[in-house]
Protein chains: 2
Amino acid sequence: MSPRTLDADAFDQRENDILECALNFISQEGIAALTMDKLVKALPYSKGTVYNHFSGKEDLLLALCNRGMKILAEMFDRAATFDGIPRERALCMFFAYMLYAKLSPTQFMLVLTAKTDSVTEKASVARQNEHLELEGRLIKPAVEIFASAQERGELNPPIPLTLQQITFICWSQSFGTNALLNADTDRCSARQGMLIEEETMNGMHILLDGLNFSPRSDQHDWSALIERIKTDIFQTEIQQLAQMGVVLAI
Amino acid sequence: MSPRTLDADAFDQRENDILECALNFISQEGIAALTMDKLVKALPYSKGTVYNHFSGKEDLLLALCNRGMKILAEMFDRAATFDGIPRERALCMFFAYMLYAKLSPTQFMLVLTAKTDSVTEKASVARQNEHLELEGRLIKPAVEIFASAQERGELNPPIPLTLQQITFICWSQSFGTNALLNADTDRCSARQGMLIEEETMNGMHILLDGLNFSPRSDQHDWSALIERIKTDIFQTEIQQLAQMGVVLAI
DNA sequence: TGCTATAAATGACGATTCGTCAAAAATAGT
DNA sequence: ACTATTTTTGACGAATCGTCATTTATAGCA
């Protein structure tokens, strides 16, 4: 009556295979060079199967972006567990964002692509909802850090702001810095000599000082904090960067 | 011996026609729907002629982005002439950025597209150099404002920063806010209820306070400043927004 | 072990899109 | 009117997209 073949996790596994293959391709050849035909050729599956997972190229790109955001969410969760005062935890979180941008530049740049109309217009609704949910999940630990700071009286913005607004402002800063500095930097005079790791920290300190988030940037040993973050929380990521030949400037 | 037909400004005029047509198309149908074939059909020129101006679709998009940046540069120049203290002029400038993003959302979003690899990889080198030069031109008046503030002793960052770094930090903040809030906002909980005009100003005040850029946010009548900016400098733009049915929340 | 009903995978196909280039049209001097 | 040269044209081939009729694989059943 009902004999059939269903896949349980095999489906997810295969979806991951496809995404992994697409990421490899993009990393080597660039987004522009990725076509569904070429991707299929590099895959042990057929075109129909790929289209069974993704409604099209844009949907696949957004899925890849979301996959990266899950990794980032995990890093954020880890940052939230950092054993320190709220301002230290906040810095740890945005340090994680910068680390992700350096570690997976291709996937980070997909966030830009995802915010582009071309994708917004063609990716599947389900995938876009997933993207928005992930944004919410990313924001959450940050809001909690600011909340705990507020409870402890360590956060006193000069103008009335909700926790969401405070989080959003920091997110904007961090996003902007990563987006602008992840692109080729040498040729633009305005960005010449800027390092993503330094400017992320500079921007954050200025912002947190502006929020009256104590202790202020000149009342604490922040370089010691960076060292602790690097060894205690993100040792794995630092090692991965080292394997890529990247050494942080801070 | 040498009889021929050359175009002087007619060439530029036609290039502008093409861009205008492309912008109309994108505004109505979206970037994804724009194809060279359709664009040519909507144009009194042939495909070869269009390709005589632009090396391809990406090149055209970047040209459109650059065209918008020229308008923005003009707005920045106007902002720099604002008769006020440095912090007022700085706010005026980033107010202009926000205004541009609201006034020409399509063109603002093209900046994101322009930073995407697909474009970076396919647009012509000349167009990309133009883009970088325009970025430099945009930054310049901002640097000068911070320089004058520094001379007057009104700018005392808690950590040592060059004028370029200070400018970059503010640019990042502004760029991030505009980019994140220009996209559809309702569905993401993290951005719910956020207004681009409010958050731009909030972010800027926090940042400038963090830079010890006097007078601080709570030591001056900034709402009066906004009114002056709206009537004295950007009256035209405010009217254009009004015609679009948009009224600023501030 | 066959047999069957259904799910899943396949890849050939038509429709678009891109960018090119040989041919046609336009132009200014003679 | 003729000519040398620039400019425009749009038909073309290659590449890409997404679909869908067909084929293959599988699980239960006799």
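Each chain gets a letter, A, B and so on, in the order the sequences are listed, and its residues count up from 1.
Where A/Lys47 and A/Asn52 each meet DNA chain C at their nearest nucleotide, the meeting point lying more 5' is that of A/Asn52. In terms of position on DNA chain D, the residue among A/Leu34 and A/Gly48 whose nearest nucleotide sits closer to the 5' end is A/Leu34.
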Stepwise side chain to side chain donor-acceptor pair (under 3.5 Å) test for B/Ser124 and B/Gln128:
CA-CA 6 Å; B/Ser124 72; B/Gln128 293 192 51; over 6 Å; no
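Rounded to whole Å, atom C1' of D/dG10 lies 12 Å from atom NZ of B/Lys41. If you take CD of B/Glu29 and C1' of C/dT17, they are 16 Å apart, rounded to a whole angstrom. Note: CG (A/Leu60) to P (D/dC17) measures 11 Å, nearest angstrom. With rounding to whole Å, B/Tyr51 atom OH is found 14 Å from D/dC12 atom C1'. With rounding to whole Å, B/Phe25 atom CZ is found 13 Å from C/dT17 atom C1'. Regarding A/Ile18, its CD1 atom lies at a distance of 14 Å from the P atom of C/dA8, rounded to whole Å. Atom-to-atom, NZ of B/Lys122 to P of C/dT17 comes out at 14 Å; the value is rounded to the nearest Å. To the nearest angstrom, P of C/dA15 lies 16 Å from NZ of B/Lys38.
At a threshold of 4.0 angstrom between heavy atoms, the contacts of B/Thr35 are confined to the sugar-phosphate backbone, with no base atom among them.
The side chain of A/Ser46 approaches C/dT10 more closely than any other nucleotide in the set D/dT9, C/dC18, C/dT10. Comparing D/dT9, D/dT16, C/dT10 against the side chain of A/Tyr45 picks out C/dT10 as the nearest. Nearest to the side-chain atoms of A/Met36 among the listed nucleotides D/dC17, C/dT10, D/dT8 stands D/dC17.
Ion pairing between B/Asp37 and B/Lys47 holds under the 4.0 Å rule for side-chain N and carboxylate O. A/Arg67 has no carboxylate O lying under 4.0 Å from a charged side-chain N of A/Glu15, or vice versa, which leaves the two without a salt bridge. A salt bridge between B/Glu74 and B/Arg78 is present, with a side-chain N of the basic residue lying under 4.0 Å from a carboxylate O of the acidic one.
Counting only distance, with no hydrogens or angles, the side chain of B/Thr49 and the backbone of B/Tyr45 share no donor-acceptor pair below 3.5 Å.
Within the structure, every side-chain polar atom (N or O) of A/Ser55 is placed at least 4.0 Å from both OP1 and OP2 of D/dG18.
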